[in-house]
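Here is the structure we will look at.
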Amino acid sequence: MHQNLDSRIQTLLKQKNWPTLTKIQEMSFPSISNGNNTLIIAPTGYGKTEAAVLPLFNQMINEDVKPVAVLYITPLKALINDLSLRIDWWASKLGLIVNRKHGEVPQKEKNLRLKHAPHILVTTPEGLEIDLDWASKFRDFYKNVRWVIIDEVHELINSKRGSQLAILLERLKYFTGRDFQRIGLSATVSNENLVADFLFGSSDRKRSIIKLEGKRDFQIKVKKIDNGSWEDAASSLISSIEPPSLIFTNSRFSTERLHEELEKLGQKDVFVHHSSISRDLKDMVEEKLRKNQSNAVICTKTLELGIHIGEIKKVIMFRPPPSVSSFLQRLGRSGHSVSGTPNGEIISMFDFDVLESLALCEMAKKGKVEKPIVDNSLDVVARELLGHLLQNQETKLEDFYKIVTGARAFSNLGIKTFMRMIDCLEANGLLKKEGDVLKLGPNFFRVWRFNREYKTIWCKDFSEFFSLINNNDTFSLRFEGKVIGEIDAVYVYKHIRVNDVIRISGKLWKVTRINVNKMSLDVVPENSRKGEIPIWRGENISKSYMIAKGESIILKEGKIDKKILDDKAYSSIKELTDFYKEKEIPFPSNSTIVLEKRDEEWVYSAIIDERISNTIAHIMLYLTSKRYTLSTYARASIYGFSIKGSPIDLLQELKDYDEEKMKAVIKKAILRSSLFIATLKEIQPSFGRLGRKIDPERDKFIVNEALRQTLRKYFSVKGTISFLKSIREEKISIVTYGGETPIGDAVVSHVPIRPWLIDIVESIYEALKGGAYTSSELAEVLGIPLKSLENKLKQLKKMSDKYKISSFIDVDSKEVRWVLVDDFQNIVNSDDYFTSFTPSNLEETFIALLKSADRESQIELIFKPKDIIQNPEDIKRRIPFEDIGELRVIDMNEMSYSTPLKFYGVSRQVIAYILLNATTYIQSVKFS
DNA sequence: GACCTGCTGCGGTCTG
């Protein structure tokens, strides 16, 4: 027992039946009591929370502390609920008030805190954001904060959420005017000083890092099943399950699919847990785990960290996890107590799964974990500046600059960049600059709206201001008013119809109603039919460079740990290595590339950082789509890269680029990638730039920032340059092989990256210039499938502002031809198409029915071809709306039996020509 | 064919 502990706390320890403090609690006590900023590193289940809280209680009960004295921040709502109960057990007995705050805390409970201000407040980073920015009344209690505890720091450090929190802490310090003590709790990390820097920011306190080496002991078995067989996977799972087991997968789809197979095999009490299942159902599953009423739960990352889920006998990973840290987190979910040894198993589907599993074990045993990369995104800075202005109405420019640069993530933020950001925010009306004083601008509440009714596609609900987490649109599934789960909106539009049966949360549901406005599907349970598992589209989960490193070690040193492999796994890895030995080709590595050609696809296998593969793949895709064909794709992974459709070996060309040329090409390639477009879309609202139209000159700052973020996250310019340099200097050798290799298989098993649509738009525009073509002709010329081209043409016709296109009927061949609006007049006058715009009877009367693009207004025009030829401008004047959505032309004399000729998305500029074309066509059909 | 996380405060009015 710690001699410095107050007797009241000692009594409570006895009540809890804790004979001693745990080791980590003992270790951190002096440093926390001394007022040092302290980072505590230990695996889950070692009593980190009490390690942080007990020394604080010890001080609090002996001093007269004012609320809020302790701020406890943690990333999950479920953790808040858990922790506040756990802390309250001590606090209530010591006369201290605990309060929790997150989005699902009932309003009643939230209101309590103004009457009885808590000494300890447990909340999320977003909760703190809301309070500082917006809680005008409660905010004053924050002036008393003396201690801030940040839980699960390792979860936050890599993300925008983390840098948001880092700035918030600096804002809090500015607000309190006090250098409060900071305490961080973290799982094992590789670079603890970096984590400490991130956490302690501008604080001048002494720092200590208290670390309990987690045991690297674990039991692991690697199994292998037949390629891609879900049946095999399920029967293998059954033989592996030791109730209660956790089965981790890498996709929501796999959880549902495995559950389906297990059910077929008669398995009972197996449940599904992932982010698209409603909170209620997830709670139910967690409860089953805690009460030991389940044989197994199949889950995604949702159960990787966080709340206590009871004693797990065994952790099964269906296919290897994407990083060492996630491998350890997952493994750590079993043998949760201090003494237990984690017990786990990896089920491999492919031979490279076995290789990855071996690599994960190798790196984990050596204690190699991924290094965190601290996020320094400027949309976070912008958001924090606006929040600071919500709080203070105004701020001096240099004051806020000092606050931001106090956060370690932004200590390198130059004043020039900062000023460019200010200018951008001002240009978009989020800020007003008066001398060196900043105020909120007029557009702030246009971007973040209170009233949902006025919401347009681009503006955001006010509540979203406080969060930097980005989401796709989803439909919720409802049964009797209760939410079951969620499905991507795109998937609903494309695939779901009434009476379809969907499989989600391991159960079948029949769709009875699709409510597009409310974005919900009404469903009822269904038992008789087979259900379709929805596909949730997410971001590619990239594989850690640690896996690539581990694989290199294993292959170079021939270090295959037989003990952990089952027979099938061993023979699959043996076959893989034997292949290369027998064919006398070197194994792909970071110094050897094996090149093979599969049909039109150049496959380069190597074992390298995925970001290098991704960079090269994007450059090759850019060059191929620009020079040769749009019918192309590339692939990238830790197993190398590939390109389809290039007539030449592009790597030979790339290796001779100098650094400058390389950087320029990389930039062009990335600006066209969907990764960049998605990043741009994500950060736009933070800078107040609404709407689709991004102007590369006017919005230079935003474009550059999106580019920088995309580069940092998915690409490696430095790595690629040095990789190519090594090829040039022949430090990396390239071996060509005439057949198909196993690692080549791994390369082509990855999802193809296709050219971004913007390329297609430009190419269509280029191809159309000066001519009139049918869609099949265009598809042929551009090398894209006819269907995708036709879709694109229709879209273009509607949205076109830069690329205006139109179509007419070629009267001679009865085909539709596409043409640029700007070329229309020349086409009409050309010899080729002149006859398509020359009605045989100029005196005949026609009716044109026009609808506006928004379908709000509709008019009817009666005309003769003669009128149009004599005065083409007049017809334009007679149309009261700007955009014509639909045009129908009817022959007045034959109204009763002729079907009207329809045109969609007609540009006003060419309406006269289209009317002539329509009448010519109708007459030609009539007389033939 | 691909993970996860979060999301107004405050005071006033109305209803049973």
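Naming: A, B, ... by sequence-line order, numbering from 1 per chain.
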A/Arg252 side chain N/O closer than 4.0 Å to the phosphate oxygens (OP1, OP2) of B/dC3?
-> yes

Relative to the ring of A/Phe253, is the ring of A/Trp230 parallel (under 30°), tilted (30 to 60°) or perpendicular (over 60°)?
-> perpendicular

Could you state the CZ-P distance from A/Phe248 to B/dC4, rounded to the nearest angstrom?
-> 12 Å

Rounded to whole angstrom units, what separation is found between the OH atom of A/Tyr491 and the P atom of B/dA2?
-> 13 Å

Would you tell me if any nitrogen or oxygen in the side chain of A/Lys543 comes within less than 4.0 Å of OP1 or OP2 on B/dA2?
-> no

Just checking A/Ile130: base, sugar-phosphate only, or nothing, at a heavy-atom cut-off of under 4.0 Å?
-> sugar-phosphate

A/His274 NE2 - B/dT5 C1' separation (whole Å) = 16 Å

Starting at atom CG of A/Leu132, determine the distance to atom P of B/dC7, rounded to an integer number of angstrom.
-> 15 Å

Centroid-centroid distance, A/Tyr639 to A/Phe352, less than 6.0 Å = yes

So what is the 5' to 3' dot-bracket string for DNA chain B, if pairs are Watson-Crick or G-U wobble with both distances under 3.5 Å, crossing pairs use [ ] and | means the partner sits on another strand?
-> ................

Let me know the distance between CG of A/Asp473 and P of B/dC7, rounded to the nearest Å.
-> 20 Å

Under 3.5 Å, which donor-acceptor pairs link side chains of residues 111-118 of chain A to any protein atom two or more places apart or in another chain?
unit_1	atom_1	unit_2	atom_2	d
A/Asn111	OD1	A/Gln107	NE2	3.2
A/Asn111	ND2	A/Gln107	O	3.4
A/Arg113	NH1	A/Asp131	OD2	3.0
A/Arg113	NH2	A/Asp131	OD1	2.9

Ranking A/Asn540 and A/Asp131 by the position along DNA chain B of their nearest nucleotide, the one closer to 5' is A/Asn540

Can you check whether A/Ser275 has a side-chain N or O nearer than 4.0 Å to OP1 or OP2 of B/dC4?
-> yes

Between B/dA2, B/dC4, B/dC7, which one does the side chain of A/Ser463 approach most closely?
-> B/dC7

Considering only B/dC3, B/dT5, B/dG9, which nucleotide approaches the side chain of A/Arg161 most closely?
-> B/dT5

Under 6.0 Å between the ring centres of A/Tyr493 and A/Phe475?
-> yes

Heavy atoms under 4.0 Å, any strand shown: does A/Glu539 hit a base, just sugar-phosphate, or nothing?
-> base

In whole angstrom, what separates A/Glu152's CD from B/dC4's P?
-> 17 Å

Under 4.0 Å between a Lys/Arg side-chain N and an Asp/Glu carboxylate O for A/Arg161 and A/Glu126?
-> yes

Between the side chains of A/Asn443 and A/Arg446, is a donor N or O closer than 3.5 angstrom to an acceptor N or O?
-> yes

Flag the pair A/Arg171 and A/Glu384 as a salt bridge only when some basic side-chain nitrogen lies within less than 4.0 angstrom of an acidic carboxylate oxygen.
-> yes

What string of B, S and - do you get for nucleotides 10-16 of chain B, 5' to 3', if B is base contact, S is sugar-phosphate-only contact and - is no contact with any protein heavy atom under 4.0 Å?
-> SS-----

Among the nucleotides B/dT5, B/dC7, B/dA2, whichever has the atom closest to the side chain of A/Leu76 is B/dT5

Can we say A/Lys160 and A/Asp375 salt-bridge, meaning some charged N sits less than 4.0 Å from an Asp/Glu carboxylate O?
-> no

Of the listed B/dT8, B/dC4, B/dA2, the closest approach to the A/Lys301 side chain comes from B/dC4

Charged N to carboxylate O under 4.0 angstrom, A/Lys543 versus A/Glu610?
-> no

Side chain of A/Lys282 - closest among B/dC4, B/dT5, B/dT8 = B/dT5

Do you know which two heavy atoms are closest between A/Val374 and A/Ala409, and how far apart they sit?
-> CG1-CB, 3.4 Å

Looking only at B/dA2, B/dT8, B/dC7, the nucleotide nearest the A/Val751 side chain is B/dA2

Let me know the distance between OH of A/Tyr633 and C1' of B/dG1, rounded to the nearest Å.
-> 14 Å

Using 30° and 60° as the class limits, which term best fits the ring planes of A/Phe444 and A/Phe462: parallel, tilted or perpendicular?
-> perpendicular

Whole-Å distance separating the CD1 atom of A/Ile753 from the C1' atom of B/dG1 = 13 Å

Would you indicate, yes or no, if B/dC7 has its OP1 or OP2 atom less than 4.0 angstrom from a side-chain nitrogen or oxygen of A/Thr124?
-> yes

Counting any heavy atom closer than 4.0 Å, what does A/His102 reach on the DNA or RNA strands: base, sugar-phosphate only, or nothing?
-> sugar-phosphate

